[in-house]
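Both backbone and side-chain heavy atoms feed into the values below; hydrogens, waters and symmetry mates do not. All values reported here derive from a predicted model rather than from experimental measurement.
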Amino acid sequence: MYKLNQIIFTKKPHVCGSNQWIVRRVGIDIKLECAGCGRMIMLSSFELDKKVKPTLSKKELEIIEKHKNAQETA
């Protein structure tokens, strides 16, 4: 379900104020990097599924598109 370098948005923001996370490792546990401060955390996919926003706003979708375009050009 989750892919490397995918941006996900959580329901609640991190302590730094950002709710954007970048998937850095996929396996039994999923390693995430906060897009705001760079902090790394690991969660089980079950835990992460509960914390991820089910629907995204237009602004969040634009951020995802910009990230995809930047990866394609790199």
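To the nearest 0.5 angstrom, Asp49 atom CG is 4.0 Å from Tyr2 atom OH. Remark: Ile8 CD1 to Leu48 CG distance equals 4.0 Å, nearest 0.5 Å. Taking CD1 of Ile64 as the reference point, atom NZ of Lys68 lies at 7.0 Å (rounded to 0.5 Å).
The salt bridge (charged side-chain N to carboxylate O under 4.0 Å, His left out) pairs that include a residue from residues 1-14 number zero, where partners must be two or more places apart or lie in different chains. Residue pairs meeting the salt bridge (charged side-chain N to carboxylate O under 4.0 Å, His left out) criterion with at least one partner in residues 57-66, sequence neighbours excluded, are Lys53-Glu60.
Taking all atoms of both residues into account, the shortest heavy-atom contact from Cys37 to Cys34 is N-SG, 3.6 Å.
The same ILVMFWY cluster, assembled from side-chain heavy atoms under 4.5 Å apart, contains both Leu61 and Ile7. Hydrophobic clustering (side-chain heavy atoms under 4.5 Å, transitive across Ile, Leu, Val, Met, Phe, Trp, Tyr) groups Leu43 together with Leu4.
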Tell me which donor-acceptor pairs under 3.5 Å the side chains of residues 19-31 have, and how far apart each pair is, sequence neighbours excluded?
unit_1: Asn19; atom_1: ND2; unit_2: Thr10; atom_2: O; d: 3.4
unit_1: Arg24; atom_1: NE; unit_2: Glu33; atom_2: OE1; d: 2.7
unit_1: Arg24; atom_1: NH1; unit_2: Asn5; atom_2: OD1; d: 2.7
unit_1: Arg24; atom_1: NH2; unit_2: Glu33; atom_2: OE1; d: 3.0

